[in-house]
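Worksheet: the structure to be examined is printed underneath.
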Number of protein chains: 2
Amino acid sequence: MASRRTTILDVARAAGVSSATVSRVINGATTVDKELSRRVQAAVQDTGYVPDALGRSLRRGGASQIAVVAPDSENPYFMQIISEVERIARTQNHTVTVAHTEDDLGLERECFRQLLGRRVSGVLLVPVDSARTDLAPLIDAGIPVVLVDRAVDGAATDVVATDNLDAGRQAARHLHERGFRAPAVIAGPPTLRTTEDRATGFLATWRERGVEVGPEALLRGDLHVESGRVATEQLLADGIADCLYVTNNRMSAGAFEALRGRAQVPALFATDDDLWTRLVTPSVSVVHQPVRATSRAAARMLGQRIADPDEEPSTTLLRSKIIERDSTRPRGREEDG
Amino acid sequence: MASRRTTILDVARAAGVSSATVSRVINGATTVDKELSRRVQAAVQDTGYVPDALGRSLRRGGASQIAVVAPDSENPYFMQIISEVERIARTQNHTVTVAHTEDDLGLERECFRQLLGRRVSGVLLVPVDSARTDLAPLIDAGIPVVLVDRAVDGAATDVVATDNLDAGRQAARHLHERGFRAPAVIAGPPTLRTTEDRATGFLATWRERGVEVGPEALLRGDLHVESGRVATEQLLADGIADCLYVTNNRMSAGAFEALRGRAQVPALFATDDDLWTRLVTPSVSVVHQPVRATSRAAARMLGQRIADPDEEPSTTLLRSKIIERDSTRPRGREEDG
DNA sequence: AGGGTGCCGGTAAACGTTTCCTGATCATCG
DNA sequence: CGATGATCAGGAAACGTTTACCGGCACCCT
């Protein structure tokens, strides 16, 4: 009952060889005799031996693990990243570990310390804060880091993100070309670069096109559904905008809720091609972020950086794409329940 | 430049003590002199020492890792589980690793082998197949396993799942009480117990209540959106049902798409309280699975089982809850775009 | 036939911890 | 004052691998 785990020595004994030979066979060395190799393989089968990853990693000087670190599990990138990075990891015999930083810099730092201690071979990180996240511990230890979605100021690492400024510009162009002239936008917290860039690009484009936009055109939410609804209701009360761009997916849902069932609402332009946007009536036009492509690119980049650590860091920006649906068509007939 | 990693020996030298003492201080042993302890702590700070998790785990005979294994990343439980299990893991100084089995028994088996080699302290598993998943390798190695969402035949492990039979019954009762009399249901693949149980409970309840249900009332999809749409269109062509219960969330969306904009459609009863169900018109009644509660219960159970491995396995069933919306109200007025 | 040259398998060290055991120091007690 | 015990730090073994190094053997060349 007190059966020890079967180790490489047990296999060696069973096959009548030394542990070195067993190790060689397991790791596919060619320098071992056919006959011995056969005996070892048989012994492995018989004993049901599974090499211990801990001993192996210790000896090899590094766990074959890739870490995925993101602020929260609601982050749309998170699941995609895991899924993509796992595909890459499998081909390189790596495993995947995850951690959430819960938008907390302290937790993030602690998390980095952990990763350091575990000798991970690379980190895919959605940083908590562009300005205050400190990558130094990881960088100094020579651990490759690829940033996803958000950059970190002054960090010499790879970055894969979407071109948010451009996303905002595209939204503005689209609405302007459809004849709308009184824009409004719901942004997030000012320190969050992604939503802020979208809002900035959006407003700048209108101004470039000679449309006057006052400060009342810029509303703010906290990224959650409810805040989108509140902001939109306020906008409706003011009642001057003829179109509304919402800079993240959850607030978009809130905005739609506020608009639903009302007559004469502004055209809604949402963010992210979530399922509901095409199921609702009217269907909602969106700026579709290339989430999958971004995740894939990030995973690839990390894989490559792990294989070849001394290359120059690069920044990859992916373009968003507009999906036009009914909510922004020039004169959708109104319907109501 | 070729700076070695700082090890416990470096700290020991810096503090003028032995590695044993450093280890004791780090692990909070009380048997160390105040003064020495202080010196060691200072040395740790100075050298920026982070204990190596590999050496530690090797010596301790087990990595402090919890694995989360699920068929695919679209599984609604997956993210929730990760998030919940991480909370538990943090309090027990464990880390979390993930793996997808991609609905592939071979991959699942390989995955188990890996986990075995990595000496994980516990596994949270959404099994690929109730009948053919083989837990023996993990069980034999004494690794605690908690099954989530789906049971595995004949496995003596903890299970946390929702009572799917009951979910189907609730749906049937609800529709029957609203006056509907010609039910239909979209099930999944026959071997998938969750959707099958829902369908079974649903149909059984109608029969118990004296409603004749023929085999044509049972449609099947492959769990994806598109298959829900196809099945629903077929149902509409036959045109006899006055209400439709869909047993998973993605097929529900497909069903809604097929129904949208048509007059005189059957009442739709969907599964999972996804965002879109309350945004669309008419809003869709759902059987809400307690995903968060299930995940949390599973994580707790695993934490407990790791702490105390020799307890009797238990099965926890959580009840689903009905959320009534417009789609199943007796005579919703029809609207159309 | 003897020595050189490869080939291949084994011995043992090393990876970085933790922890058992021993030994030293000191206090207390007989 | 000596012996016993308690306390605490260090030496060294152990966890399970991989791999550098070495030695033995067979073969070939001179």
Side-chain angles (χ1 to χ4, degrees), chain A residues 2-41 43-44 47-65 93 114 116-121 141, chain B residues 2-41 43-44 47-65 93 114 116-121 141:
Chain A
S3 66
R4 265 172 48 273
R5 192 187 156 75
T6 75
T7 96
I8 200 172
L9 285 172
D10 301 321
V11 180
R13 256 188 298 277
V17 298
S18 81
S19 66
T21 304
V22 178
S23 175
R24 283 192 268 257
V25 170
I26 288 174
N27 296 296
T30 57
T31 87
V32 73
D33 186 80
K34 284 283 177 201
E35 162 63 11
L36 278 195
S37 174
R38 208 190 44 69
R39 253 165 49 205
V40 168
Q41 310 229 20
V44 167
T47 55
Y49 169 67
V50 179
D52 184 306
L54 292 157
R56 173 177 288 183
S57 296
L58 178 58
R59 177 61 226 244
R60 289 197 176 151
S64 298
Q65 276 199 327
N93 273 322
Q114 282 255 354
L116 219 61
R118 285 159 57 200
R119 309 258 207 115
V120 297
S121 18
Chain B
S3 67
R4 264 171 51 271
R5 194 186 154 76
T6 75
T7 95
I8 201 173
L9 286 172
D10 300 321
V11 180
R13 254 188 298 278
V17 299
S18 82
S19 68
T21 303
V22 177
S23 175
R24 282 192 271 258
V25 170
I26 288 173
N27 294 297
T30 58
T31 89
V32 170
D33 185 80
K34 285 283 177 201
E35 163 61 11
L36 279 195
S37 174
R38 208 190 43 69
R39 252 166 47 206
V40 168
Q41 309 229 21
V44 167
T47 55
Y49 169 67
V50 179
D52 183 306
L54 292 158
R56 171 177 289 184
S57 296
L58 177 58
R59 177 60 227 245
R60 288 196 177 153
S64 296
Q65 276 200 328
N93 272 322
Q114 282 254 353
L116 220 62
R118 284 159 57 201
R119 309 259 206 111
V120 297
S121 14

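We name chains A, B, ... by the order of the sequence lines, and we start the count at 1 in each one. All values below come from the heavy atoms of this structure, side chains included, with hydrogens, waters and symmetry mates left out.
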Work out which heavy atom in A63(B) is nearest to a heavy atom in L54(A); give both atom names and the distance.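 Smallest interatomic distance, heavy atoms only, reads N-CD1, 3.9 Å.
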
P51(B) to R56(B) - nearest heavy-atom pair and separation: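 Answer, listing the atom of P51(B) first, then R56(B): CB-NH2, 3.5 Å.
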
Review item, side-chain donor-acceptor pairs of residues 15-25 of chain B, under 3.5 Å, at least two apart:
{"from": "S18(B)", "atom 1": "OG", "to": "A20(B)", "atom 2": "N", "distance (Å)": "3.2"}
{"from": "S18(B)", "atom 1": "OG", "to": "T21(B)", "atom 2": "N", "distance (Å)": "3.4"}
{"from": "S23(B)", "atom 1": "OG", "to": "N27(B)", "atom 2": "ND2", "distance (Å)": "3.3"}

Test of understanding: with side chain to side chain contact (heavy atoms under 4.5 Å, CB included), list the residues that count as partners of [X], not counting sequence neighbours.
X	value
S64(B)	H94(B)
A141(B)	L116(B), I143(B)
R13(A)	L9(A), D10(A)

Taking protein heavy atoms under 4.0 Å as touching, what does nucleotides 17-23 of chain D look like 5' to 3' if B marks base contact, S marks sugar-phosphate-only contact and - marks none? BBB----

Identify, with sequence neighbours excluded, every residue that meets side chain to side chain donor-acceptor pair (under 3.5 Å) alongside [X].
X	result
R59(A)	none
R5(B)	none
N93(A)	none

Mind listing the residues from residues 11-18 of chain A sitting with a heavy atom below 4.0 Å of DNA chain D? Number order is fine.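 Nothing qualifies; none.
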
Using the C1' atoms of the five pairs at each end, what is the angle between the end axes of the helix from dA1(C)-dT30(D) to dG30(C)-dC1(D), to 10°?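 Computed from the C1' atoms at both ends, the axes differ by 60°.
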
Tell me every residue that passes salt bridge (charged side-chain N to carboxylate O under 4.0 Å, His left out) with R60(B), counting only those two or more places apart in sequence or in another chain.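 Per chain and number, R60(B) pairs via salt bridge (charged side-chain N to carboxylate O under 4.0 Å, His left out) with no residue.
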
Roughly how many Å is it from CZ in R4(A) to P in dA14(D), rounded to a whole number?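 In whole Å, dA14(D) P and R4(A) CZ are 12 Å from each other.
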
Quick one: E35(B) CD to dA9(D) C1', roughly how many Å, whole number?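 Rounding to the nearest Å, CD of E35(B) and C1' of dA9(D) are 14 Å apart.
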
Intermediate values then yes/no, side chain to side chain contact (heavy atoms under 4.5 Å, CB included), R39(B) and D33(B): CA-CA 10 Å; R39(B) 252 166 47 206; D33(B) 185 80; over 6 Å; no

Does any N or O in the side chain of T47(A) come within less than 3.5 Å of the main-chain N or O of A43(A), such that one atom is a donor and the other an acceptor?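 Yes, T47(A) side chain to A43(A) backbone: donor-acceptor pair under 3.5 Å.
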
R118(A) side chain near Q65(B) side chain, heavy-atom distance below 4.5 Å: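 Answer yes - side chains close enough.
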
Touch class at under 4.0 angstrom, heavy-atom based, for L54(B) against every strand present: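 The answer is nothing, as L54(B) stays clear of every strand by at least 4.0 Å.
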
With a 4.0 angstrom cut-off to heavy atoms of chain A, pull out the first and last contacting nucleotide of DNA chain C, in 5'-to-3' order.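 For DNA chain C, the relevant span reads dC8(C) to dG16(C).
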
